[in-house]
Amino acid sequence: FSRYKRLKGFNVLHPMGFDSFGLPAEQYALETGQHPAVTTEKNIETFKAQLDKIGFCYDWSREIRTSDPSYYKWTQTIFLKLFNSYFCNTCKQAKPITELIEKYQSRGGSSFTAEQWKAFSDKEQADILMKRRLAFSKFGEVNWCEALGTVLANDEVVNGVSERGGHPVIKKKMRQWYLRITAYADRLLQGLETVQFSDAMKEMQRNWIGKSEGAEMEFGIRDLELGINVYTTRPDTIFGVDFLVLAPEHSLVSQITTEAEKEKIDEYLTYVKSRSDRERQSEVKQITGCFTGAYATNPFNGKPIPVWIAEYVLAGYGTGAIMAVPCGDQRDFAFAKHFNISITNIIGEHYNGEEANSTKDATLQNSGFLDGMLMKDAIAVAINKIEELGIGKRKINYRMRDAGFSRQRYWGEPFPIVWEDEIAVPLSENELPLELPHAEKYGPGPEGEGPLANMEEWVNTEKGRRETSTMPGYAGSSWYFLRYMDPNNTQTFCDRKASDYWNQVDVYVGGTEHAVGHLLYSRMWTKVLYDLGYVGFDEPFKKLVNQGMIQGSSRFVYRVAWDFNNYPDNFEPSFLPNLFISSSIFEKCKKFDSDTIEKVKDIAVKLFEKSVDNFKEFSFLPDLSFYALRVDVNFVDGLELDISEFQKWKNGAYSNSQFILENGNIYSSRLGQVGVYICGAEVEKMSKSKYNTVNPDVLVDKYGADTFRMYEMFLGPVEQSKPWDTKGIEGVHRFLKKLWRLFYTDVNPATNAPGKQVWNDEKPTDAEFKILHKTIKKIEQDTENFSYNTAVAAFMIAVNEMADAKCFKKEILSQLLIILSPYAPHITEELWSLLGCEGSILDAAYPILEEKYLVEATKEYPVSINGKMRSSVNLPTEVTEEEARQAVLSTEAITKWLEGKEIKKFIFVKGRMINVVV
RNA sequence: GCCCAUGUGGCGGAAUUGGUAGACGCAGCAGACUCAAAAUCUGCCAUUCGCAAGGGUGUGAAGGUUCGAUUCCUUUCGUGGGCACCA
């Protein structure tokens with residue numbers, strides 16, 4: 001696209017860079033036993049060589065790497081700008097925090113006076129300001145794996161246990177950094193109106209932000225001076241509330257739980273701690289919850305309402321508490337049925353007792369002052385009443401939460417923050433970059449802190465202790481498009497003149513998987529920088545094209561583990577059997593084939609016995625569980641695993657593993673071939689973390705870069721995902737060879753010299769111009785629409801037509817080369833010079849479309865009878881309905897279908913077709 | 001489970017956005033050239049009935065709107081992406 005636009009005369013900024021910080025780079029380094037700085041450098045060189053080989057004309061003078069100090073200096077600078085800003089709720093934009101401090105000093109805040117502010121300690125002031133900063137720290141939950149002594153990313157947690165070792169993972173509260181993206185929720189929504197993203201993308205972002213209008217109201221707890229705040233979008237159903245549900249983490253849980261229920265509640269809380277948010281919401285069939293013993297009161301009719309806790313209510317959304325209306329909400333309904341809570345029907349016949357009905361069109365019954373009202377009308381009435389009684393208020397709520405910005409990892413940007421007496425003190429901008437110290441080992445620090453916590457010399461400064469977590473992978477990618485505009489500036493991250501000249505990114509190509517991550521973060525950063533006056537636009541990307549993913553075919557091995565809910569105290573990670581079963585055995589186990597399971601269990605017990613000295617202490621072993629683990633496709637041949645390669649993988653992490661092979665034998669490295677281990681397969685995103693990537697070099701070497709490029713374009717629409725498959729690449733290769741033969745006979749394979757010249761200087765005929773201009777029109781349309789696959793097809797047709805017409809004329813061929821050059825840069829450049837044309841084809845003038853060659857005098861109008869195609873008539877392109885009717889009625893091929901039938905209607909779709917209704 | 005996308009020949013896909021379904025390519029079959037192979041060229045190629053002319057059926061499934069539906073609506077099934085520490 002950039003080559004095309006360049007030919008069209010645009011000044012195209014077409015850079016490339018490397019988002020080289022983050023978990024995958026760190027893990028790759030760990031697996032290969034090298035420092036991430038080394039592996040990153042090496043991999044970048046490989047990528048650049050490959051990209052150049054394929055013929056992308058990237059402007060490498062603008063290259064950036066997010067892990068380079070000269071780049072992350074500015075990531076840290078922008079972080080400080082976020083830290084030193086707050087969101088002004090009246091002007092709805094970011095302002096320097098100094099303005100807020102001034103305001104507090106002169107006028108005070110909402111809950112304190114100016115005098116009180118001045119009397120606050122430094123720490124108290126810092127805490128108040130922290131609640132307003134755009135980059136702020138507070139306590140939040142992380143995945144904590146006690147056995148590994150580390151915090152895990154969601155990617156590293158599989159089925160609730162650590163991917164490495166299969167250890168239990170629980171949630172742990174830690175001090176974390178966050179970005180206050182929620183402050184921008186409304187502007188992120190409004191901004192969508194101004195950008196060209198697909199409707200699906202906009203919809204995803206809207207849903208993620210999840211704006212809803214409703215009411216927040218308080219339910220008093222019986223016999224206690226406490227109230228539970230509940231957020232609801234359906235205050236009209238207030239008389240249908242049969243119970244309240246709190247998130248298990250809700251701060252009131254411990255206070256309202258009665259003595260009688262305490263034990264059960266504690267047990268339930270332990271259970272929930274081991275569950276991820278996803279699991280908590282998705283397993284609808286398995287309903288869990290626990291009664292607290294407390295009762296709330298319905299403020300409108302005084303009815304006592306039992307208060308429960310349940311995992312399906314999340315602490316992070318709304319107030320962390322819901323009012324449950326079983327007749328109107330399916331999850332509440334299932335919960336009520338499961339725990340035998342009686343259901344109040346407020347919608348009469350709309351509720352059938354079998355399932356909930358979330359309609360807003362029912363007339364309310366059993367609903368006090370709302371009786372007889374349509375539900376959708378009752379919403380406003382109910383909110384007004386709630387506000388009138390002072391028990392709650394109208395509220396707009398967002399589903400989106402603030403973005404977690406700390407990682408307990410090594411390979412990321414260090415925070416330019418020093419903690420002095422529990423106060424976060426920023427470095428000044430001229431102290432940046434705060435370089436990531438070189439570490440030989442980057443294992444976890446104490447208490448779940450990041451690896452940097454182990455580096456005493458670096459951590460401890462004169463003033464205090466440095467922040468030891470690092471920024472997440474998306475930090476550097478939230479603003480890099482700005483750096484491309486001014487990549488070598490040492491004074492600022494991007495001069496305003498540069499960003500004013502280039503302005504927004506005109507076309508941004510990225511996958512939908514970024515919808516609710518990168519594409520929201522970068523929009524937010526741009527808005528902040530706009531508010532603070534550093535850039536002149538508040539949306540970074542004018543137009544977004546979602547390229548589909550080339551998917552990979554992943555391979556799986558199946559691991560056996562003990563299904564301990566919690567490991568016994570004396571259980572050590574090394575006790576795990578590390579046993580893998582072949583695909584068909586896994587399938588049988590999944591179907592609870594008892595013979596197979598017994599056999600597997602026998603082997604697992606034997607292995608367990610061998611590795612555990614005090615085996616007798618584990619008199620009771622729980623059932624086995626089985627889970628799939630991805631392996632690198634590069635050591636799976638078809639579906640067959642190369643076991644010795646697998647055992648060497650990840651620095652020998654699986655070196656002591658055992659295998660039950662497809663035929664039931666146990667693998668032995670000494671006995672040699674006793675059977676094969678068959679892997680499972682699945683098509684999914686091609687990704688380093690899924691170990692299913694394939695390398696383009698082989699194909700480029702075999703067919704050349706042009707064939708590779710065009711084949712990839714020809715595969716299908718850019719926005720569509722598809723598994724990588726080289727079937728069909730021959731066709732594109734043949735096309736390029738055929739193109740060559742319009743100019744020269746075949747290349748002499750011995751000398752590699754072009755064959756005999758075929759092209760000539762003759763004057764083209766109108767028919768030949770027609771082929772050319774038809775192609776120009778089609779290619780322009782398709783390229784502008786990113787419909788590359790149909791463009792390639794059009795080239796194939798054009799070349800076939802020219803070959804058939806024996807059109808070997810330079811005037812036509814040179815024009816064809818220009819429009820083809822963005823698609824196949826190498827061969828077109830070569831032929832361009834062989835034709836004796838001046839300079840590089842990249843600097844040629846794009847041909848101007850001449851419509852006169854495309855005008856048709858007559859046109860074939862398809863004729864259908866009752867919508868069914870029966871024939872066609874040839875008519876002038878400009879024809880009246882009456883003329884068309886006459887032509888149709890005098891065409892024998894058509895009248896034979898109309899014989900004896902009465903014509904009811906004659907439909908003439910101008911320029912398209914004719915339909916006769918009989 | 002929730003949100004988004006998607007489903008068309010043996011395969012990748014096309015279809016003027018509601019108007020001749022299967023462009024283009026792969027694979028396959030038949031033929032030409034060749035001692036032979038490769039390369040190249042020509043023809044056939046959804047399915048079914050028919051010698052043919054010509055019919056019938058057909059865009060995951062079931063309904064609906066329309067003169068006319070791959071396209072719009074409803075329900076349903078399958079697949080892919082996302083679900084907050086991969087980015």
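Reminder, nothing fancy here: chain letters follow the sequence lines and each chain counts from 1.
Ion pairing between a basic and an acidic side chain is recognised when a charged N comes within 4.0 Å of a carboxylate O; A:K171 and A:E279 show no such pairing. With salt bridges taken as basic N to acidic carboxylate O contacts below 4.0 Å, none links A:K172 and A:E141. Comment: A:R401 engages A:D277 in a salt bridge, judged by a side-chain N to carboxylate O separation of less than 4.0 angstrom.
Residue A:A515 is classed as having no contact, given no heavy-atom separation below 4.0 Å to the nucleic acid. Among the heavy atoms of the strands lying under 4.0 Å from A:N800 are primed sugar atoms or P, OP1, OP2 only; no base atom is included. Here A:K904 lies out of heavy-atom contact (under 4.0 Å) with every strand. At a threshold of 4.0 angstrom between heavy atoms, the contacts of A:F714 include nucleobase atoms, whether or not backbone atoms are also involved. The residue A:H514 sits close to a base: some heavy atom pair falls under 4.0 Å. At a threshold of 4.0 angstrom between heavy atoms, the contacts of A:V516 are confined to the sugar-phosphate backbone, with no base atom among them. The residue A:N546 sits apart from the nucleic acid: no heavy atom pair falls under 4.0 Å. Base engagement by A:V142 is indicated by at least one non-hydrogen atom pair under 4.0 Å involving a base atom. Using a 4.0 Å heavy-atom cutoff across all strands shown, A:S872 reaches no nucleic acid atom at all. Nucleic acid contact for A:M913: base, since at least one base atom lies under 4.0 Å from a heavy atom of the residue. Within the 4.0 angstrom heavy-atom criterion, no nucleotide atom of any strand lies near A:G517. Residue-level contact check: A:Q176 touches the bases, meaning some heavy atom is under 4.0 Å from a base atom. Counting any heavy atom pair closer than 4.0 Å across all strands shown, A:M201 reaches no nucleic acid atom. A:E203 comes within 4.0 angstrom of sugar-phosphate atoms only, judged by non-hydrogen atoms across all strands, and of no base.
Across every strand in view, B:G28 sits in a pair with B:C44 that passes the Watson-Crick or G-U test at under 3.5 angstrom. In this structure B:C2 sits in a base pair with B:G82, meeting the Watson-Crick or G-U test at under 3.5 Å. Using the Watson-Crick or G-U wobble rule with both distances under 3.5 Å, B:A87 pairs with nothing in any strand shown.
Residues that satisfy the side chain to side chain contact (heavy atoms under 4.5 Å, CB included) test with A:K859, not counting sequence neighbours, are A:Y861, A:T877. With sequence neighbours left out, A:D361 forms a salt bridge (Lys or Arg N to Asp or Glu O under 4.0 Å) with A:K376.
In this structure, the nucleotide among B:A84, B:G81, B:U17 sitting nearest to the side chain of A:R912 is B:U17. When each of B:A5, B:G12, B:C86 is scored by its nearest atom to the side-chain atoms of A:N154, the top-ranked nucleotide is B:C86. For A:A200, the side-chain atoms get nearest to B:C4 when compared with the rest of B:C85, B:C4, B:A87.
The distance from atom CD of A:Q551 to atom P of B:G82 is 10 Å, rounded to the nearest whole Å. Atom CG of A:L519 is separated from atom C1' of B:A84 by 15 Å (rounded to the nearest Å). At whole-Å resolution of the value, CD in A:E712 and C1' in B:G12 are 13 Å apart.
Between A:K738 and A:R734, the residue anchored closer to the 5' end of RNA chain B is A:R734, taking for each the nucleotide with the nearest heavy atom. Nucleotides of RNA chain B nearest to A:W897 and A:I907 differ in position, and the one nearer the 5' end is that of A:W897.
In this entry the base of B:U48 is anti relative to its sugar, with a glycosidic angle more than 90° from 0. Annotated as anti: B:G81, whose O4'-C1'-N torsion sits more than 90° from 0.
For the C1' atoms, the distance from B:G22 to B:G10 is 14 Å, rounded to whole Å. Atom name C1', nucleotides B:C44 and B:A62: the rounded distance is 37 Å, in whole Å.
Here A:H733 and A:Y703 bring their ring centres to under 6.0 angstrom of each other. Ring centers of A:Y72 and A:F21: under 6.0 Å apart, within the cut-off. Checked against the 6.0 Å centroid threshold, A:F415 and A:W177 count as a close aromatic pair.
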Between the protein and nucleotides 57-60 of chain B, list the N/O to N/O atom pairs that are separated by less than 3.5 angstrom.
none

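Under the 4.5 Å side-chain criterion, counting only non-hydrogen atoms from C-beta, A:F405 is not in contact with A:Q176.
Listed pair A:R741 / B:C41 meets the phosphate criterion, a side-chain N or O lying under 4.0 Å from OP1 or OP2. Here A:R278 reaches the OP1 or OP2 of B:A84: one of its side-chain N or O atoms lies under 4.0 Å away. The phosphate of B:C83 (OP1 or OP2) has no side-chain N or O of A:R280 nearer than 4.0 angstrom.
For A:Q408 and B:C85, a side-chain-to-base donor-acceptor distance below 3.5 Å is present, hydrogens and geometry of angles not being considered.
For NZ of A:K273, the number of neighbouring non-hydrogen atoms (other residues, nucleotides, ligands) closer than 6.0 Å is 12 at most.
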